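The structure presented is a predicted model; accordingly, all values stated were derived computationally and were not measured.
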Amino acid sequence: MGKGKILLTGAAGYIGSHTWVELSQAGYDVVGVDNFYNSERDVIDRIGKILGKPVTFEEADCSDLKAFGKVFEKHPDIVGAVHFAACKAVGESIDKPLLYYRNNIVSLLNLISLMTEKGKKANIVFSSSCTVYGQPDKEHLPIAEDAPLKRSLSPYGKSKQMAEEILSDSVIAFPHLKVCALRYFNPIGAHPSALIGELPRGVPQNLVPFVTQTAAGIRDHLNVFGNDYNTPDGSCIRDYIYVVDLAKAHVKAIDKLLSDGCGNDAQVIDEPTYVEAAKTGRWFVFNLGTGKGLSVLELVNGFMKATGVNLPYEIAPRRQGDIEQVWADPRKAERELGWKADTPIEDVLRSAWEWQKTL
Ligand code: UD1
């Protein structure tokens, strides 16, 4: 007997695939859903290989209510959902806002209505982002969950903010809905099996896939975007979190929502947007990071040290729209979820390199 059936949308994606493995290994029955808009079909077989058993997968577009509804008809015993299905490239979202709002907002609306239909128990873990904080003022670093939210400039960032607002409004409206919004910092690395990992299409936009492709000789050098920021070595600072550690936080979040009486979320009470939602005791927000900021140059040097591979890089102009520095205060997740990201960064960077070598 499993611990319950969990729907995973965007299940073939980077974080989705790692979370599938962890949920399943923790005893949940996972129903994966994806439309392969930004992922590959063979990821499903690879997940089966890691788990050593057949997996349950339904191909559907979550923004298509009818198609998505069929998944619920087929699996009426779903007790919770982890919602990853979304587009995630900041730059692309500026060129294609409607794509972002359709995929990120319409999918979420469909999920909430299908989950809350007929008064069923509805538990949703939502894939949010530290982008909701924008560039925080120095006094708010490291960022805790009650730091002010700053209006995002990109449709991608706005879609994450809107999604959190839609979810918190829904918690107030549906007494049987519980939601946990997880605000990720920068997920990196790959599964130790090297069977799943990040699969960027075309030229990678994110730092670590560009690093590993450069190390592999696919790109001739890495551009470090800016060394004149107000940081110790002049390059931007982020909180890089191992994707497997991140995946494990989703298991803890589902465990929490499924347990009865999960208690009030006191720490978001200060946030005007969420005051009423937090009072319900069914709305939770967690920052998921390591609590340590790492600069781009530190990451580049750390990669070379961890792998012994040379990484040619050049200092380039700043990238437009980049945030100077941001890292998490993850203590609330440790306190309330019993979760901590503790994989050493050298191991994380090596896992990214092992994955790159298999590609
Ligand atoms: C941003 C968002 C994040 C979003 C992600 C999606 C913030 C704080 N984070 O991540 O919410 O989910 O985009 O893509 O807004 N860099 C280089 N050279 C490169 C690539 C990157 O120097 O070739 C630097 C960037 O300037 C940045 C760091 O590496 O300082 C990390 O960049 P990236 O991996 O793109 O992530 P974010 O921009 O932090």
Side-chain angles (χ1 to χ4, degrees), residues 3-4 6 8 15 18-19 22-23 25-28 79-84 121-133 136 140-149 160-161 163-165 167-172 174-187 239 241-293 326-343:
K3 282 164 77 179
I6 306 296
L8 212 63
I15 309 173
H18 289 82
T19 301
E22 296 304 321
L23 277 169
Q25 287 177 342
Y28 287 104
V79 293
V82 186
H83 185 50
F84 293 107
K121 265 196 185 168
N123 297 291
I124 298 178
V125 174
F126 177 67
S127 171
S128 188
S129 165
C130 70
T131 199
V132 300
Y133 299 111
H140 290 121
L141 287 170
I143 304 196
E145 289 77 358
D146 56 359
L149 305 181
K160 291 294 173 193
Q161 295 178 327
E164 285 197 5
E165 289 179 14
L167 282 162
S168 59
D169 288 343
S170 301
V171 158
I172 295 166
F174 302 105
H176 49 285
L177 175 64
K178 286 189 200 167
V179 174
C180 190
L182 302 179
R183 295 175 180 160
Y184 314 148
F185 284 67
N186 290 54
D239 186 335
I241 172 174
Y242 185 35
V243 67
V244 175
D245 289 338
L246 183 66
K248 288 181 175 152
H250 294 75
V251 178
K252 298 282 189 181
I254 283 286
D255 287 346
K256 180 179 175 78
L257 293 182
L258 291 183
S259 69
D260 287 331
C262 37
N264 269 25
D265 188 339
Q267 201 158 349
V268 290
I269 292 271
D270 284 349
E271 231 163 64
T273 330
Y274 303 131
V275 173
E276 292 307 314
K279 279 186 197 159
T280 65
R282 293 177 281 104
W283 165 251
F284 306 91
V285 176
F286 293 102
N287 285 347
L288 301 182
T290 65
K292 286 186 214 86
V326 62
W327 68 96
D329 175 348
R331 284 177 301 177
K332 184 179 175 213
E334 187 174 357
R335 215 168 44 236
E336 293 180 30
L337 293 179
W339 170 90
K340 200 175 171 189
D342 50 13
T343 308

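- Remark: Lys279 NZ to Ile172 CD1 distance equals 9.0 Å, nearest 0.5 Å.
- Atom CG of Leu182 is separated from atom CZ of Phe284 by 12.0 Å, given to the nearest 0.5 angstrom.
- For Thr290, the side-chain hydrogen bond (donor to acceptor under 3.5 Å, both in side chains) partners at least two apart in sequence or on another chain are Asp239.
- Between Gly291 and Trp327, the shortest heavy-atom contact is O-CD1, 3.5 Å.
- When all heavy atoms of Asn287 and Ala144 are compared, the closest pair comes out as ND2-C, 3.4 Å.
- The distance from the CZ atom of Phe286 to the NZ atom of Lys256 is 4.5 Å, given to the nearest 0.5 Å.
- Between the side chain of Lys252 and the main chain of Ala333, no donor-acceptor pair closer than 3.5 Å is present.
- With a 4.5 Å cut-off on side-chain heavy atoms, Trp339 and Val251 do not count as touching.
- Between atom CG of residue Leu257 and atom CD1 of residue Ile124 there is a gap of 9.5 Å, rounded to the nearest 0.5 Å.
- Residues Tyr28 and Asp255 are in side-chain contact: their nearest non-hydrogen atoms beyond the backbone lie under 4.5 Å apart.
- Here Phe84 and His250 bring their ring centres to under 6.0 angstrom of each other.
- Looking at heavy atoms from C-beta onward, Val326 lies in side-chain contact with Pro136 at the 4.5 angstrom threshold.
- For the pairing with Ser128, the side-chain hydrogen bond (donor to acceptor under 3.5 Å, both in side chains) check across Glu164, Lys160, Arg183 returns one residue only, Glu164.
- Looking only at side-chain heavy atoms (C-beta outward), Leu149 and Tyr133 come within less than 4.5 Å of each other.
- Heavy-atom minimum distance, Ile254 versus Ala81: CD1-O, 4.3 Å.
- Taking each heavy atom of Ala278 and Trp283 in turn, the nearest pair found is N-CD1, 3.9 Å.
- Side chains of Tyr274 and Asp146: no donor on one and acceptor on the other come within 3.5 Å.
- To the nearest 0.5 Å, atoms CG (Leu258) and NZ (Lys121) are separated by 8.0 Å.
- Between Ala328 and Gly289, the shortest heavy-atom distance links the atoms CB-CA, 4.0 Å.
- Judged as a side-chain hydrogen bond (donor to acceptor under 3.5 Å, both in side chains), and not counting sequence neighbours, Asn186 has no contacts.
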Quick one, Arg331 with Glu334, criterion salt bridge (Lys or Arg N to Asp or Glu O under 4.0 Å). Give me CA distance, side-chain angles, the key distance, then yes/no. CA-CA 5 Å; Arg331 284 177 301 177; Glu334 187 174 357; over 6 Å; no

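- Closest of all the heavy-atom pairs between Ala253 and Cys180 is CB-SG, 3.9 Å.
- The structure places CG of Asn123 at 10.0 Å from NE2 of His176, a figure rounded to the nearest 0.5 Å.
- For the side-chain contact (heavy atoms from CB on, under 4.5 Å) test, residues two or more places apart in sequence or in another chain that qualify with Val244 are His18, Glu22, His191, Pro192, Tyr242, Lys248.
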